[in-house]
Amino acid sequence: MLFFSYTLSGQEIRPEIKTIVQKLEQFNVVHSQQVGPAGRTTEIYKLFEELRDEATIEELLELIAYNNSAVKTYASWALLDNRYPYLSNICFHFIKNRDAVVTYYGCRVSEREISKGLYYRLLNQKTNSNYSENDSLYFQIQLDRIDSIILYSNIETNLKYEAFINNKGNPTTYNRIRELAADPNNLPALVALAEYKDKDDIQFLMDQGTNSFLAISVFPDSAFWNFLLSYKSSERSYDYFLAVCSFKNESALEVLTDIYQTCDSIQINYLDEALIKNYCSLYQNLILKIWEDHKIIDFTVTHKLSNDCPENAYKSFASGLLLDRAINLLQFNQYHRTDELIFLMLQTISQHDEDLLLSICNKNVLTAKSVDLIPFIEVINTKQFSQSIPNMLYRLRGNNQALEIFHICKTLLSFKNRDTNIELQEILKDKQKFWDWGNWSESFRNLFKAHALEIEGV
């Protein structure tokens with residue numbers, strides 16, 4: 001069943017389908033459903049939807065052998081969306097011939113193998129909770145078949161990594177995974193083997209030396225501990241940190257705390273990421289210490305710290321925000337802007353000790369750049385910290401982006417202070433070239449009008 005080959009029907013493709021195909025061929029690129037910053041559905045994707053909804057299965061199978069990669073890609077997607085029972089064979093066909101196509105996914109553009117695009121479309125639909133039970137079963141069966149073909153064939157494909165991840169200790173594939181793990185260059189196979197958590201594999205994994213660290217991170221058996229300790233003085237790799245962190249006990253915390261003292265800036269990033277990915281109450285203080293010392297943190301763990309240990313968290317957040325160092329916001333599975341992190345930290349601080357906010361804002365209103373300035377300015381505005389007026393005026397006398405000038409001006413005007421406004425008028429006239437351009441010109445003039453502020457010559 002796994003190796004059942006699809007066959008071409010020899011059916012003549014109808015004229016209306018040929019018209020769609022010719023248009024797709026002219027574009028010669030593949031668009032996902034949402035493309036560009038606005039996430040719009042393009043004419044190209046709408047043509048695909050026409051092809052999917054109007055073509056027969058036999059016509060789509062004919063198009064799998066078409067001489068244009070974009071058409072072949074969309075034909076395979078249409079077969080998936082129409083629940084073609086032998087989709088795994090279509091995917092394997094593309095894995096073998098390695099055809100590629102220029103693909104737009106969101107804002108990203110890349111040349112991608114057709115097999116990879118089809119696989120990820122299948123994988124994404126499998127994780128979508130909106131489908132019926134029968135649909136979910138279809139997706140799972142097709143993925144299992146594709147993964148099995150990948151694991152048991154000797155064809156090299158970057159999808160093999162996905163097959164290892166999806167294996168998840170499948171008892172029927174243990175012997176094959178064990179065989180593949182014997183290759184010293186096949187680290188994903190070692191990790192897949194560790195997923196079985198079979199104590200008979202412990203010595204085999206340790207025999208792989210430093211290659212075993214990532215595998216140990218998913219199988220933190222106590223039998224590995226002394227093995228890991230033997231590398232304490234020499235190893236500072238991300239995989240090693242993951243392995244030690246995965247134990248989540250006092251011994252691991254002691255080792256990690258000692259190691260932290262000897263790490264360089266890159267290694268500290270590795271350590272912090274490993275701690276965050278193995279987050280637990282034992283690691284909270286070390287994560288906060290790294291934030292205080294180096295301003296390195298992740299957005300999601302900031303939320304967790306705010307909820308799990310608010311008394312320690314708010315003090316640490318305040319300490320870090322007063323540090324003369326740029327924020328290093330780690331990005332894992334989700335992207336967040338630094339200003340979102342700052343808003344969250346300031347909110348946590350405000351809930352526990354509002355008195356800290358003034359010094360934090362006064363410090364950062366002088367140094368924060370672009371959108372990172374906005375959270376501090378908004379707190380000054382909301383709390384009406386008149387003590388911050390001199391710092392904001394001092395900041396405006398330097399060279400700033402229009403965005404920075406606008407938010408500082410808006411806050412300064414909110415104080416309705418005559419002397420402040422007079423000084424602001426002089427600064428704005430002197431720095432006009434920095435703010436009076438593009439769409440900013442109108443925004444500033446509307447702001448001036450709302451506050452009855454007159455700038456000579458404007």
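- Contact check on Arg395 versus Glu404 returns a salt bridge, with a Lys/Arg side-chain nitrogen under 4.0 Å from an Asp/Glu carboxylate oxygen.
- Exactly one residue among Asn186, Val191, Asp147, Leu159 makes a side-chain contact (heavy atoms from CB on, under 4.5 Å) with Phe164. That residue is Asn186.
- Annotation: side chain of Trp77 is not in contact with side chain of Leu60 (no heavy-atom distance under 4.5 Å).
- The aromatic ring centroids of Phe219 and Phe224 lie less than 6.0 Å from each other.
- Salt-bridge formation is detected for the pair Glu273/Lys277: a Lys NZ or Arg NE/NH1/NH2 atom is positioned less than 4.0 Å from an Asp or Glu carboxylate oxygen.
- For the ring pair (Phe, Tyr, Trp, His ring centres under 6.0 Å) condition, the pairs that include at least one residue of residues 108-136, sequence neighbours left out, are Tyr131-Phe139.
- Using a cutoff of 4.0 Å between basic side-chain nitrogens and carboxylate oxygens, Asp324 and Lys363 are scored as salt-bridged.
- Around atom NZ of Lys248, more than 12 heavy atoms belonging to other residues, nucleotides or ligands sit under 6.0 Å away.
- Lys197 and Asp221 are not joined by a salt bridge, as no carboxylate oxygen comes within less than 4.0 angstrom of a charged side-chain nitrogen.
- Partners of Lys369 by salt bridge (charged side-chain N to carboxylate O under 4.0 Å, His left out), not counting sequence neighbours: none found.
- Looking at Lys295, its side chain does come within 3.5 Å of a backbone N or O of Arg325 through a donor-acceptor pair.
- Using a 4.0 Å cut-off between a side-chain N of Lys or Arg and a carboxylate O of Asp or Glu, Glu43 and Lys23 do not qualify as a salt bridge.
- Distance check, rounded to the nearest 0.5 Å: CD1 of Ile177 to CD of Glu195 gives 10.0 Å.
- Side chain of Thr382 to main chain of Val379: no donor-acceptor pair is present (N/O by atom type, distance under 3.5 Å, no hydrogens or angles).
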Below 3.5 Å, can you tabulate the donor-acceptor pairs from side chains in residues 252-259 to any protein atom, sequence neighbours excluded?
residue, atom, partner, partner atom, Å
Thr257, OG1, Leu253, O, 2.7
Asp258, OD2, Lys232, NZ, 3.1

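- Contact annotation: the side chain of Arg145 never approaches that of Leu87 to less than 4.5 Å [non-hydrogen atoms, C-beta and beyond].
- Between the side chains of Thr73 and Arg112, not a single donor N or O lies within less than 3.5 Å of an accepting N or O.
- The aromatic rings of Phe448 and Phe444 sit tilted relative to each other, their planes meeting at an angle between 30° and 60°.
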